[in-house]
Amino acid sequence: MKILYNKNDLNEALNDVSVLGFVPTMGGLHNGHLSLIKKAKLYKCKILVSIFVNSKQFSKKDDFKNYPRNLKNDIKKLKKLRVNYLYLPAYKDIYDFKPKNKIFIDNFSKQLCGKFRKGHFKGVLNVVNRFLEIIKPKFIYFGFKDFQQLTLINLHILKRKINTKVIKCKTIRDINGVACSTRNFNLNTKQLKIASKV
Ligand code: PAF
């Protein structure tokens with residue numbers, strides 16, 4: 001697995017790749033992420049995973065600070081799955097240019113999670129729009145677990161006529177029924193038990 005720390009090295013590495021599948025993540029990889037990668041493998045493409053904890057999509061500073069991170073473990077998991085490329089950009093690499101496409105935020109962003117997480121979807125669309133311009137993947141993979149995110153990204157891609165297809169993937173659950181999520185690493189046993197009843 002080639003690890004790339006900036007877009008210049010990334011572009012050079014991807015120069016002769018014709019079909020690329022992209023799995024964007026914020027790390028803290030769990031079975032949900034791994035199933036996105038396994039799905040990507042069915043598309044007979046080279047696979048690129050990104051790990052970038054995007055501060056712009058967090059409404060609270062503490063939430064960003066406490067977001068679970070475990071890069072060493074993540075790299076082990078990605079190598080085991082024979083992922084081709086891992087993109088680990090710094091903040092500047094993502095935000096030091098003006099994207100060609102303006103982000104399109106459908107009004108659906110104001111409902112559900114959007115009511116409680118100020119600026120969250122704008123932050124998600126901003127970073128995904130930039131990733132799409134840097135990476136230009138043929139496919140991008142998202143789970144139904146984040147249904148509102150998946151829908152808004154798909155609408156942005158369609159509206160801006162971006163040449164990337166969104167592949168929608170099923171939700172993966174732990175045995176207690178809770179949907180796999182990096183944030184679960186911050187829950188104690190009692191909290192997980194409560195979550196399993198939701
Ligand atoms: O779903 C996530 O982990 C993030 O929202 C994403 C799509 C990687 C953008 O930072």
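FYI, the numbering just counts along the sequence from 1. In each ligand, atom 1 is the first atom listed, and ligand 1 is the first ligand listed.
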**Complete:** For Thr25, the ligand 1 atoms with a heavy-atom partner under 4.0 Å come out as 8 (C)
**Request:** Considering the heavy atoms of Val127, write down every atom of ligand 1 situated less than 4.0 Å from one of them.
**Result:** 9 (C), 10 (O)
**Prompt:** Would you say the side-chain atoms of Asp74 pair up with the backbone N or O of Gly28, donor to acceptor, closer than 3.5 Å?
**Reply:** yes
**Message:** Just checking Lys138: does its NZ atom have more than 12 heavy atoms from other residues, nucleotides or ligands closer to it than 6.0 angstrom?
**Reply:** no
**Message:** Under 4.0 Å from a heavy atom of Phe142: which atoms of ligand 1 are those, numbered in the order shown and with their elements?
**Reply:** 7 (C)
**Item:** For Gln149, the ligand 1 atoms whose distance to one of its heavy atoms is below 4.0 Å
**Value:** 1 (O), 2 (C), 4 (C), 5 (O), 7 (C)
**Item:** Distance from atom 3 (O) of ligand 1 to nearest protein heavy atom, with residue and atom
**Value:** Met26 CG, 3.7 Å
**Prompt:** Apart from Tyr43 itself, what residues make up its hydrophobic cluster when side-chain heavy atoms of I, L, V, M, F, W and Y under 4.5 Å apart count as a link, directly or indirectly?
**Reply:** Met1, Ile3, Tyr5, Val19, Val23, Leu29, Leu34, Leu36, Ile37, Leu42, Ile47, Val49, Ile51, Leu71, Ile75, Leu78, Leu81, Val83, Leu86, Leu88, Phe139, Tyr141, Ile167
**Lys145 atom NZ, over 12 foreign heavy atoms within 6.0 Å** = yes
**Greater than 12 external heavy atoms within 6.0 Å of Lys7's NZ** = yes
**Message:** Can you list, by chain and residue number, the hydrophobic cluster partners of Leu158 when the side-chain cut-off is 4.5 Å?
**Reply:** none
**Asked** Going by the order shown, which atoms of ligand 1 are within less than 4.0 Å of some heavy atom of Pro24?
**Response** 8 (C)
**Request:** Looking only at protein heavy atoms, identify the closest one to atom 4 (C) of ligand 1 and say how far it is in Å.
**Result:** Gln57 NE2, 3.6 Å
